[in-house]
Amino acid sequence: MELVYAYPAEHGRSVEAEIVGSLRDRFGNVVQTGREERDAERGDRADVLVTLEVADDRVEAALTTLRAHPLVIDAAAGSFGERV
């Protein structure tokens, strides 16, 4: 299943590597399938939206892990449209 999360762009791509590595360690096969930089809805900055593919039986645990990461703004299964 696809998961999507967002983080502030100013933190750089190392955030993505850290998150994917951590999720792979905990949940096995996790693949980053997309990345998009967008202007943030608030302030004069940009956010990065990352799409991951995670096994269906690991979705809730992976979402909990993503949401607990201090740099993750939001995370959701599938998509969260314009919530970020």
Side-chain angles (χ1 to χ4, degrees):
M1 171 170 253
E2 280 192 348
L3 301 181
V4 63
Y5 72 92
Y7 71 90
E10 66 263 18
H11 290 283
R13 291 188 80 136
S14 63
V15 171
E16 296 167 47
E18 175 196 337
I19 287 174
V20 168
S22 173
L23 291 175
R24 282 182 182 151
D25 288 347
R26 293 186 69 186
F27 307 115
N29 189 28
V30 174
V31 179
Q32 182 170 322
T33 59
R35 180 185 195 278
E36 178 184 349
E37 196 164 320
R38 291 187 189 172
D39 290 337
E41 285 189 11
R42 295 183 199 99
D44 187 26
R45 63 184 181 93
D47 293 330
V48 176
L49 279 67
V50 178
T51 305
L52 303 172
E53 188 68 34
V54 179
D56 288 348
D57 63 333
R58 304 292 187 164
V59 169
E60 289 304 317
L63 275 175
T64 299
T65 301
L66 283 169
R67 289 175 177 148
H69 192 284
L71 295 178
V72 170
I73 298 167
D74 197 3
S79 80
F80 40 63
E82 298 304 316
R83 285 190 343 198
V84 172

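- A pairwise comparison of heavy atoms in M1 and A77 identifies SD-CB, 4.0 Å as the closest pair.
- Residues V54 and V30 approach most closely at CG2-CG1, 4.2 Å, considering heavy atoms.
- The CG atom of L49 lies 10.0 Å from the CD atom of E37; values are rounded to the nearest 0.5 Å.
- Closest of all the heavy-atom pairs between A61 and F27 is CB-CE2, 3.5 Å.
- Distance check: D47 CG to E36 CD gives 11.0 Å after rounding to the nearest 0.5 Å.
- Closest approach of Y7 to V50, counting heavy atoms only: CE2-CG2, 3.9 Å.
- Note on V31: it does not cluster hydrophobically with L66, by side-chain heavy-atom contacts below 4.5 Å among ILVMFWY residues.
- Closest of all the heavy-atom pairs between A76 and R67 is CA-NH2, 4.0 Å.
- Under the 3.5 Å distance criterion, the side-chain polar atoms of T64 are matched with a main-chain donor or acceptor of E60.
- To the nearest 0.5 angstrom, R35 atom CZ is 11.5 Å from T51 atom OG1.
- Of the inter-residue distances, the one linking N29 atom CG with R58 atom CZ reads 11.5 Å to the nearest 0.5 angstrom.
- Residues V4 and G78 share a closest heavy-atom pair of CG1-O, 3.8 Å.
- The CD atom of E16 sits 5.0 Å away from atom OH of Y5, with the distance rounded to the nearest 0.5 Å.
- In this structure, CG on L3 lies 11.5 Å from CD1 on I19, to the nearest 0.5 angstrom.
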